[in-house]
Amino acid sequence: MADPYKPRAPFAPWDRRTLPGIFDVEESARRVGNYKWAEMKLFEALGGWVATVPELDVKMRLGTHCYKHAWHAELWHKRLPELREMNPERLTAPANDAMVRFVEAMTEPEAPEQTIEKLVGVYRVFIPRFIAAYTYHLNGTSEITDAPTVRSLKFILQDEFDDWRDGEMILQSLIETPEEASRAAAHMQQLEAIMIEAGGIAGVGTLGAS
Amino acid sequence: MRKFFPVEELARDERFNKITMRDRMGDPRTALNVSNDAPAKRPTNLRLTPDRSDASDGARSLMHGIFVGEIQALEGAGRTCWDFETGTEAPFALKLDMARQCWDEARHVEISVKLSDWMGGEIGQYAENTVLFEAACSTDPVLRLAGVNRALEGLAIDVFTTMKEFGDLAGDPYLEFCEDWMLADEVTHVKMGSDWLRKITEHDPDRRKKALEFQSVVDKLFSYGGTRSESQESPIGLARRFRELAGFTDDEVDDIAQLSMQALNERKSAVAQARADQMRDAAAQFATSAAAE
């Protein structure tokens, strides 16, 4: 056994964590507040849509995914006071007005014949944006100073990937004709246009570029 | 998407047949029927047990009822996530609980589908009574919690306990195992309802009174004319122990027991009256034909 009193390096050779990260405390809190707002809007919409979709398998998936996004919102809610925001409601806000319009447009479909539009909005536009924003945050922040956010991001990203895969596979099974493919593409284009204006889940600069 | 979704528009595929409470009670396969071919004397023990001659069909019917009930519970919890503004109309934590309930109910739908298949049933084999979702349509979230989490989910505790016992008596560990897991979730849901009811109405006795009155109405409605009570004449029993775990006081359980017995007695009176009317009509018809001859 090695001599326990022999000095060892505080960071093992395989530990590549670095200081500093690209976000200060305030910027991290602002982003987390945007994430919480967006996750809330998503879980509320998924819950509301359950009663409106006739497809039994979709109904059950929406119910399951509803909880996952609520849990993400809860994780961000709990993180905010740790980032010096003692009133979490203050930073629980959309990144900008375009993000509000995006959520309104995404949640607009209600008719039972519009399952494709509902799923396209969530699984082809909104969730890919979450994956992008969270991945950027994970890659840019310090794994030392911001370790609690990193831990949450890793749990949440796993959910996002799982749900994206679920939703995409359901969509592929629902889209059976060229007309339905056009419907999906048209709706996606409409929502993407608003999302581009919003700049992403955390607004312009979500992925670093201003 | 609108706030407050009408029960008539609940989305279903073509296998489902939605009916009203009146239609359901008129179904000849219900335990309390007054048709001409029904036995003249009501059996004194109607509890769902494997030794009943109609046990298989009764269990399949109850399982289908659980299945559609879980769908509506899922839809109701989901609507509570959507219908109320966070903070101003419903606390954030309450909505998180409702989202959690969505996940639980979605799993219950999955379990019910698999159990129905295991028992030889099919989706749509029985009609769907949408009265459960109606309890989730209140514009006050506290009333919804009282109606859905305390009354409806309370009924689910009773139903799952009955089904679990049925599985045990029938030597079906698969059924017993699944029902026990669902029962654990339902106790959690009822406790959520009890906790939120007390918390939100802590300084608002009028709102609490209103919510408890609504729960009482729903409880009586969900007693299905005596389908659930402590009497052996009811197919579904009242699960006192699990209700206590879920936050019901002894007095509250006593009230539900009394209400259920009242519903059973009212239904028995209605059946007796219907039989008397049938006899009177038949006698009148006989007298008319005899006079004509």
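Chain naming here is simple, since letters A, B, ... match the order of the sequence lines and numbering starts at 1 in each.
With a 6.0 Å radius and a threshold of 12 heavy atoms from other residues, nucleotides or ligands, A/Q189 has its CD atom at or below the threshold. Other residues, nucleotides and ligands contribute only 12 or fewer heavy atoms inside 6.0 Å of the CG atom of A/D97. The local environment of CD in A/Q172 is crowded, with over 12 non-hydrogen atoms from other residues, nucleotides or ligands closer than 6.0 Å. B/K210 NZ: 12 or fewer foreign heavy atoms inside a 6.0 Å radius. For B/F4, the CZ atom is densely surrounded, since the number of other residues' heavy atoms within 6.0 Å is greater than 12.
For the set B/T86, B/T80, B/V113, the count of heavy-atom pairs under 4.5 angstrom toward chain A peaks at B/T86. Most heavy-atom pairs under 4.5 Å with chain B, from the set A/M40, A/H69, A/H65, A/K118: that is A/M40.
Between B/R107 and A/T64, every side-chain heavy-atom pair lies at or beyond the 4.5 Å cut-off. Residues A/E44 and B/K95 form a side-chain contact, since some pair of their non-hydrogen atoms from C-beta on lies under 4.5 Å apart. Annotation: side chain of A/V50 is not in contact with side chain of B/I71 (no heavy-atom distance under 4.5 Å). Considering only heavy atoms from C-beta on, B/F5 comes within 4.5 Å of A/E110 through its side chain. Counting heavy atoms from C-beta outward, A/E55 and B/D13 have side chains that stay 4.5 Å or more apart.
Smallest separation of non-hydrogen atoms from B/C81 and A/F43: SG-CE1, 3.8 Å. Closest of all the heavy-atom pairs between B/L96 and A/A70 is CD2-O, 3.3 Å. Shortest non-hydrogen contact noted between B/C102 and A/G63 is CB-O, 3.5 Å.
Interatomic distance, CE of A/M106 versus CE of B/M1, reported as 8.0 Å (0.5 Å rounding). Within the model, atoms OG1 of A/T52 and CG of B/L10 stand 10.0 Å from one another, a figure rounded to the nearest 0.5 Å. Rounding to the nearest 0.5 angstrom, the gap separating the SG atom in A/C66 from the CZ atom in B/R100 is 12.0 Å. With rounding to the nearest 0.5 Å, the separation of CG in A/L62 from CG in B/L74 is 8.5 Å.
Remark: the backbone N or O of A/G48 is paired with a side-chain donor or acceptor of B/R79 at under 3.5 angstrom.
The contact between B/R2 and chain A is made by backbone and side chain atoms together, counting heavy-atom distances below 4.5 Å. Proximity to chain B (any heavy atom under 4.5 Å) is shown, for A/A73, by both the backbone and the side chain. Within the 4.5 angstrom heavy-atom criterion, no atom of B/K3 approaches chain A.
Between A/H77 and B/F92, the ring planes lie tilted relative to each other; the angle falls in the 30° to 60° range.
Applying the salt bridge (Lys or Arg N to Asp or Glu O under 4.0 Å) test between A/K59 and each of B/E70, B/E110, B/E75 identifies B/E75 as the sole match.
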